[in-house]
**Q** 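Following this message is one structure expressed as structure tokens.
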Amino acid sequence: MKVLIVGNGGREHALAWKVKQSPLVKKIYSAKGNAGIWQIAEKVNISPTDVKALVDFARREEIDLTIVGPEQPLSEGIVDAFEEAGLKIFGHRKDASILEASKVYAKNFMKKYNIPTAFYETFDNEKKAIEFVKKVGTPIVIKADGLAAGKGVIIAYTQEEAVNTIKDMFAGKFGEASKRIVIEEFLEGEEASYIAMVKDNKLIPMATSQDHKRVFDYDKGPNTGGMGAYSPTPIITQEIEKHIIEKIMYPTLEGMIKEGKALSGFLYAGLMIGAKGINVLEFNVRMGDPETQPIMRRLESDLVEHILDILEGNIDRVKPKWSDKYSIGVVLASKGYPNSYEIGKEIKGIQEAEKDKDIVVFHSGTDIKDGKLVTAGGRVLTVTAVGETLTKAKEKVYQAVEKIHFEGMHYRTDIGDKGLKYLKAD
Ligand code: AMP
Ligand code: GLY
């Protein structure tokens with residue numbers, strides 16, 4: 001089989017790495033990918049959002065299966081276009097992708113179908129939004145409606161901050177994405193990621209995981225796309241998982257069918273687990289980045305076979321096999337990320353780090369310039385390790401991180417600690 005993977009990040013490298021292990025797969029193509037993916041896949045010089053060119057390419061090359069990593073191509077209708085052309089693709093159609101593409105839609109959907117989420121109001125004008133904030137007080141969470149690369153959510157701790165954020169958003173800070181906003185109750189607790197492969201009203205859970213969204217240790221600093229993740233997370237116990245499936249995942253699948261927007265692809269519920277129960281912070285219509293990296297390290301069965309079964313209507317046959325080990329992924333970022341950063345810094349030490357068979361380094365923003373591996377994004381690499389315990393996985397991953405270097409490299413040193421708190425005997 002020929003498989004095309006759409007997307008440029010660490011998530012896509014981890015997917016490509018897993019796809020490569022499938023005996024069904026002869027060749028992998030990557031649009032556009034990064035320097036890590038190009039080691040195992042042929043580079044296709046088409047942007048992930050150039051849907052028409054991707055359809056033409058897939059037709060011409062007779063691609064048997066396309067897997068979409070990021071949300072933008074999904075919400076621009078890549079799946080609809082591939083299906084129209086008779087090409088097999090795993091991901092949600094444009095209408096269903098609105099669950100991630102519009103926070104206003106997602107919140108109203110959750111309210112309609114009794115899916116637990118923070119109390120909220122939606123606004124399309126500054127005055128009413130400011131009045132609301134003055135009435136309910138801070139801390140409060142302000143979210144741009146549309147896709148904003150993980151940056152459209154601001155937690156305002158003071159009224160001044162809230163008012164300034166509202167003004168910035170309506171002044172077009174995120175362009176069209178912040179023409180409408182959601183203002184919602186601030187929830188406390190532990191965040192966790194729950195991801196499943198879904199089709200219509202059925203789902204196959206992926207291993208549990210927990211992301212670390214803030215840029216600095218102990219959850220300090222601004223939100224990022226994610227600075228590290230581990231799997232499984234003890235925060236999602238079997239009992240909690242049952243609750244998530246029954247009260248969140250199935251009602252979501254069934255609600256979307258009722259809305260005429262049946263889901264088909266990866267579905268990610270970002271959860272807050274705390275005194276107010278288990279609430280959905282957001283839905284993503286894709287896998288998480290960096291969650292995918294540690295999750296793929298633990299998947300022992302064949303991802304391609306699972307996806308084909310789902311697409312062919314045989315989801316009941318899909319029985320993923322997960323390793324008993326823990327895995328951790330630590331993101332190495334450019335100086336300045338999640339704000340502006342420089343690129344083009346030479347990266348060294350990956351081969352050295354990967355001498356340990358428990359280590360795999362996934363690339364995010366990397367490129368080749370003048371024959372050298374260089375940084376090309378805010379998040380540059382995700383170093384992953386597996387270990388018998390979370391403690392061992394953590395030790396290993398940070399030993400490997402120390403072998404890698406690029407100018408301005410920064411990373412969190414506490415990835416996994418949130419889980420360790422719950423694992424007394426580990
Ligand atoms: P979202 O894109 O909606 O998941 O928001 C990004 C991040 O903002 C989440 O991962 C949380 O860390 C934080 N966040 C979002 N909504 C809330 C909320 N209602 N209460 C507390 N933190 C939140
Ligand atoms: N790691 C969070 C996300 O992918 O949205």
Side-chain angles (χ1 to χ4, degrees), residues 7 48-49 51 68-81 91-126 128-129 132-133 140-155 165-166 168-187 193-196 198 213 223 225-226 248-249 251-272 279-289:
T49 50
V51 169
V68 187
E71 60 277 17
Q72 288 91 344
L74 295 171
S75 59
E76 288 181 24
I78 190 171
V79 171
D80 311 56
H92 307 275
R93 294 192 183 135
K94 181 179 170 132
D95 60 359
S97 303
I98 194 167
L99 201 54
E100 172 167 2
S102 167
K103 290 199 189 280
V104 170
Y105 181 88
K107 293 294 288 192
N108 291 339
F109 170 83
M110 286 189 265
K111 191 169 169 187
K112 181 167 175 189
Y113 291 98
N114 286 319
I115 296 158
T117 191
F119 168 77
Y120 74 102
E121 293 265 343
T122 65
F123 297 92
D124 58 12
N125 83 69
E126 189 180 299
K128 288 212 171 112
F132 179 73
V133 163
I140 197 145
V141 185
I142 302 167
K143 302 185 174 185
D145 175 44
L147 297 176
K151 292 181 186 161
V153 174
I154 306 291
I155 299 171
T165 302
I166 291 167
D168 283 353
M169 288 213 184
F170 285 117
K173 180 161 186 193
F174 299 105
E176 285 289 311
S178 63
K179 276 200 154 165
R180 290 194 297 173
I181 64 171
V182 171
I183 304 189
E184 73 178 32
E185 169 194 18
F186 174 77
L187 294 173
S193 310
Y194 196 77
I195 307 173
V198 308
K213 294 234 165 121
N223 265 323
I248 293 171
M249 301 301 280
T252 302
L253 298 183
E254 276 149 22
M256 288 298 275
I257 291 171
K258 287 196 186 119
E259 297 298 310
K261 298 176 167 55
L263 291 158
S264 170
F266 295 108
L267 178 65
Y268 168 136
L271 305 169
M272 184 69 89
N279 281 286
V280 178
L281 297 180
E282 63 164 347
F283 283 116
N284 294 321
V285 292
R286 52 173 175 80
M287 287 209 63
D289 188 339

**Q** Report the residues that fulfil side chain to side chain contact (heavy atoms under 4.5 Å, CB included) with D95, sequence neighbours left out, ordered by chain and then residue number.
**A** R93, K261
**Q** Got a sec, which residues hit salt bridge (charged side-chain N to carboxylate O under 4.0 Å, His left out) with K173, two or more places apart in sequence or on another chain?
**A** none
**Q** Checking side-chain polar atoms at under 3.5 Å, does S102 have a donor or acceptor matched by the opposite partner on D145?
**A** yes
**Q** Answer yes or no: is there a donor N or O on one side and an acceptor on the other, between the side chain of Q72 and the main chain of T49, under 3.5 Å?
**A** no
**Q** To the closest 0.5 Å, what do you measure between CD1 (I142) and CD1 (I140)?
**A** 7.0 Å
**Q** Looking at residues at least two apart in the chain, or sitting in another chain, which of them share a salt bridge (charged side-chain N to carboxylate O under 4.0 Å, His left out) with E176?
**A** K179
**Q** Please determine whether side-chain contact (heavy atoms from CB on, under 4.5 Å) holds for the pair Y105 and E259, giving the CA-CA distance in whole Å, both sets of side-chain angles, and the decisive distance to 0.1 Å.
**A** CA-CA 11 Å; Y105 181 88; E259 297 298 310; 3.7 Å; yes
**Q** Does some side-chain heavy atom of I248 sit less than 4.5 Å from a side-chain heavy atom of P116?
**A** yes
**Q** Would you check, one step at a time, whether the test ring pair (Phe, Tyr, Trp, His ring centres under 6.0 Å) holds for Y194 with Y268?
**A** CA-CA 6 Å; Y194 196 77; Y268 168 136; 9.8 Å; no
**Q** Please determine whether a side-chain nitrogen of the Lys or Arg among K213 and E282 lies less than 4.0 Å from a carboxylate oxygen of the Asp or Glu.
**A** yes
**Q** Taking the basic N atoms (NZ, or NE/NH1/NH2) and the acidic carboxylate oxygens, is any pair closer than 4.0 Å for E76 and K94?
**A** no
**Q** List for me each residue that meets side chain to side chain contact (heavy atoms under 4.5 Å, CB included) alongside N125, sequence neighbours excluded, and say none if there are none.
**A** K127, K128
**Q** Do the side-chain N and O atoms of T117 and K111 include a donor-acceptor pair separated by under 3.5 angstrom?
**A** no
**Q** Could you walk me through whether F123 and I181 pass side-chain contact (heavy atoms from CB on, under 4.5 Å), step by step?
**A** CA-CA 5 Å; F123 297 92; I181 64 171; 4.0 Å; yes
**Q** What's the shortest heavy-atom distance between F170 and A129, and which atoms?
**A** CE1-CB, 4.2 Å
**Q** Locate the shortest heavy-atom distance separating K107 from V182; write the atom from each residue and the value.
**A** CG-CG1, 4.0 Å
**Q** Evaluate the side-chain proximity of V51 to D80: yes if any heavy-atom separation is below 4.5 Å, no if none is.
**A** no
**Q** Between H92 and S264, is there a donor-acceptor pair closer than 3.5 Å when you use the side chain of the first and the backbone of the second?
**A** yes
**Q** Can you tell me how far CD of E254 sits from CG of L263, rounded to the nearest 0.5 angstrom?
**A** 11.5 Å
**Q** Hey, does F266 have a side-chain heavy atom less than 4.5 Å from the side chain of V285?
**A** no
**Q** CZ of F283 to CD of E71: how many Å apart, nearest 0.5 Å?
**A** 15.5 Å
**Q** Going by heavy atoms in the side chains, are S193 and L271 under 4.5 Å from each other?
**A** no
**Q** Which heavy-atom pair separates S75 from A101 by the least distance, and what is that distance?
**A** CB-CB, 4.0 Å
**Q** So which atom in G91 and which in L74 form the shortest heavy-atom distance, rounded to 0.1 Å?
**A** CA-CD2, 3.9 Å
**Q** Enter the distance from T252:OG1 to I257:CD1 here, rounded to the nearest 0.5 Å.
**A** 11.0 Å
**Q** Return the orientation label for the F109 and Y113 ring planes: parallel under 30°, perpendicular over 60°, tilted otherwise.
**A** tilted
**Q** Between N108 and Y120, do the side chains contain a donor N or O and an acceptor N or O under 3.5 Å apart?
**A** yes
**Q** Does the pair T122 and I183 meet the rule for a side-chain contact (heavy atoms from CB on, under 4.5 Å), with working shown?
**A** CA-CA 6 Å; T122 65; I183 304 189; over 6 Å; no
**Q** Can you list the residues that meet the side chain to side chain contact (heavy atoms under 4.5 Å, CB included) rule with A196, with sequence neighbours excluded?
**A** V198, L203, M249
**Q** Of all residues at least two apart in sequence or in a different chain, which pass the side chain to side chain contact (heavy atoms under 4.5 Å, CB included) check with V153?
**A** K103, V141, K143
**Q** Going by heavy atoms in the side chains, are M169 and I154 under 4.5 Å from each other?
**A** yes
**Q** Could you tell me the separation between the CG atom of N284 and the OG atom of S97, rounded to the nearest 0.5 Å?
**A** 11.0 Å
**Q** When you compare the side chain of D124 with that of V104, does any pair of heavy atoms fall below 4.5 Å?
**A** no
**Q** Examine distances only and state if a side-chain atom of E184 and a backbone atom of A118 form a donor-acceptor pair shorter than 3.5 Å.
**A** no
